[in-house]
Amino acid sequence: MSKKFNILKQKNSHNPVRLTKKLVINPQHTLIGLKRALKLVKHISRNGGTILLVGNNIKYRPLMQSYNLDVGQPYMYRSWINGLLSNDTLLKDHLMKYGFKIDRAPMSDWLRRNKVSDFLMKYEGYVNCLKKPSLVIFLNTSRLSDALDEVNSLNIPSIGLATTSMDISKLSHPIPSNDQSLKTLTTFVELVKQSIKEGSKERNTILKYMNQKISKK
């Protein structure tokens, strides 16, 4: 029995069993990507830019609402609306006119309220900041290919949590990570908010100094 086992062992040493290849995320690569991304976030915030946070899961709604409340930046947590960024002029016009059209339409108050509610919910988080963002941050990036394509077509820089199964070359600042973990996303958004606040604080300091300089002249 032992002789037979030794023969099998020798064969396997020359012809090892091929296991399914698993790509493992290197924590060092994650840390490097995260530092670069947060540095960009802070820079854009210091320059007064708009940073749009994008995800397409209803579970992200509280996370994104806290992002909006804490730093005053826009978000989209529903399915991506094609043309949201590339047709911003048309979207603004549509938003301004839609409520008026609903008001004049012959329908019951109940139906009217639901139509208005559905429309505004569709654009919730973005409706108050209708302008081209300076940066777009993706949460579950692997499920937002349409949004990523639109952002790239407009040459808008992007940050995103990138799994081993996706093409990270589409992101200008990829962060190797598990983009399906809510705990990971929550930590990431908290770090983004902190960088935005730091950039905004530096901006206010600079503006205050410049205003003081102007007033002395």
Engineer: Looking at Leu161, Val54, Leu40, Val41, which one forms a side-chain contact (heavy atoms from CB on, under 4.5 Å) with Ile137?
Structural biologist: Val41
Engineer: Is it true that Lys193 and Glu190 have a side-chain N and a carboxylate O under 4.0 angstrom from each other?
Structural biologist: yes
Engineer: Any idea which heavy atoms bring Gly49 and Ser134 closest together, and the distance?
Structural biologist: CA-OG, 3.4 Å
Engineer: Out of curiosity, Asn178 CG to Asn140 CG, how far, rounded to the nearest 0.5 Å?
Structural biologist: 11.0 Å
Engineer: Give me the atom names and distance for the closest heavy-atom approach of Ile51 to Ser45.
Structural biologist: CD1-N, 4.4 Å
Engineer: Could you tell me the separation between the CG atom of Leu185 and the NZ atom of Lys59, rounded to the nearest 0.5 Å?
Structural biologist: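 Answer rounded to 0.5 Å: 11.0 Å.
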Engineer: Please determine whether residues Ile159 and Ile32 belong to a single hydrophobic cluster, defined as Ile, Leu, Val, Met, Phe, Trp and Tyr linked transitively by side-chain heavy-atom distances below 4.5 Å.
Structural biologist: no
Engineer: Which one of Thr163, Asp179, Thr164 satisfies the side chain to side chain donor-acceptor pair (under 3.5 Å) criterion with Ser142?
Structural biologist: Asp179
Engineer: Can you tell me how far the CG atom of Asn56 sits from the CG atom of Leu144, to the nearest 0.5 Å?
Structural biologist: 4.5 Å
Engineer: Say you draw a straight line from CD1 of Ile44 to CZ of Arg203; how long is it, rounded to the nearest 0.5 Å?
Structural biologist: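 The CZ atom of Arg203 is 12.5 Å from CD1 of Ile44, to the nearest 0.5 Å.
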Engineer: Determine, stepwise, if the pair Lys42 / Arg46 fulfils side chain to side chain contact (heavy atoms under 4.5 Å, CB included).
Structural biologist: CA-CA 6 Å; Lys42 184 177 178 180; Arg46 186 170 58 239; 4.2 Å; yes
Engineer: If you count heavy atoms of other groups shown closer than 6.0 angstrom to CD1 of Ile168, is the number above 12?
Structural biologist: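 No.
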Engineer: So do the side chains of Val192 and Leu38 get within less than 4.5 Å of each other, counting heavy atoms only?
Structural biologist: yes
Engineer: So, do Ile156 and Glu150 sit near enough that their side-chain heavy atoms are less than 4.5 Å apart?
Structural biologist: no
Engineer: Just do the side chain to side chain contact (heavy atoms under 4.5 Å, CB included) check on Phe188 and Leu139 with the steps written out, would you?
Structural biologist: CA-CA 9 Å; Phe188 174 57; Leu139 295 184; 3.9 Å; yes
Engineer: Return the CG to CE distance between Leu52 and Met64, rounded to the nearest 0.5 Å.
Structural biologist: 8.0 Å
Engineer: Whether the side chain of Asn152 engages the backbone of Lys170 through a donor-acceptor N/O pair (distance < 3.5 Å, no angle test) should be reported.
Structural biologist: yes
Engineer: State, with a plain yes or no, whether a side-chain heavy atom of Ser158 is found less than 4.5 Å away from one of Leu148.
Structural biologist: yes
Engineer: Quick one, Leu135 and His173 - any side-chain contact, counting heavy atoms below 4.5 Å?
Structural biologist: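 A side-chain contact under 4.5 Å is absent here.
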Engineer: Can you confirm whether Ile206 sits close enough to Met210 that some side-chain heavy atom of one is under 4.5 Å from a side-chain heavy atom of the other?
Structural biologist: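 In contact.
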Engineer: So, for Thr184 and Ser177, which heavy atoms are closest and what is the spacing to 0.1 Å?
Structural biologist: CG2-OG, 3.3 Å
Engineer: Once side-chain hydrogen bond (donor to acceptor under 3.5 Å, both in side chains) is applied, do any residues pair with Thr30, and if so which ones, sequence neighbours excluded?
Structural biologist: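 Per chain and number, Thr30 pairs via side-chain hydrogen bond (donor to acceptor under 3.5 Å, both in side chains) with no residue.
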Engineer: Does any part of the side chain of Thr50, heavy atoms only, come nearer than 4.5 Å to the side chain of Pro74, both counted from C-beta?
Structural biologist: yes
Engineer: Hydrophobic clusters here meaning ILVMFWY residues chained together by side-chain heavy-atom distances under 4.5 Å, can you tell me if Tyr67 and Ile58 are in one?
Structural biologist: yes
Engineer: Should Trp80 and Leu85 count as side-chain neighbours, where that means a heavy-atom distance under 4.5 Å?
Structural biologist: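 Heavy-atom side-chain distance check passes, below 4.5 Å.
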Engineer: Please identify which of these residues, Leu182, Val189, Thr186, meets the side-chain contact (heavy atoms from CB on, under 4.5 Å) condition with Tyr60.
Structural biologist: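 When side-chain contact (heavy atoms from CB on, under 4.5 Å) is applied between Tyr60 and each of Leu182, Val189, Thr186, only Leu182 qualifies.
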Engineer: In Å and rounded to the nearest 0.5 Å, what is the CG to NZ distance from Asn204 to Lys201?
Structural biologist: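 Output value for this atom pair is 10.0 Å.
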Engineer: Does Leu31 belong to the same Ile/Leu/Val/Met/Phe/Trp/Tyr cluster as Leu191, with side-chain heavy atoms less than 4.5 Å apart forming each link?
Structural biologist: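 No.
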Engineer: Taking the side chain as C-beta and beyond, is there a heavy-atom pair between Pro174 and Met166 under 4.5 Å?
Structural biologist: no
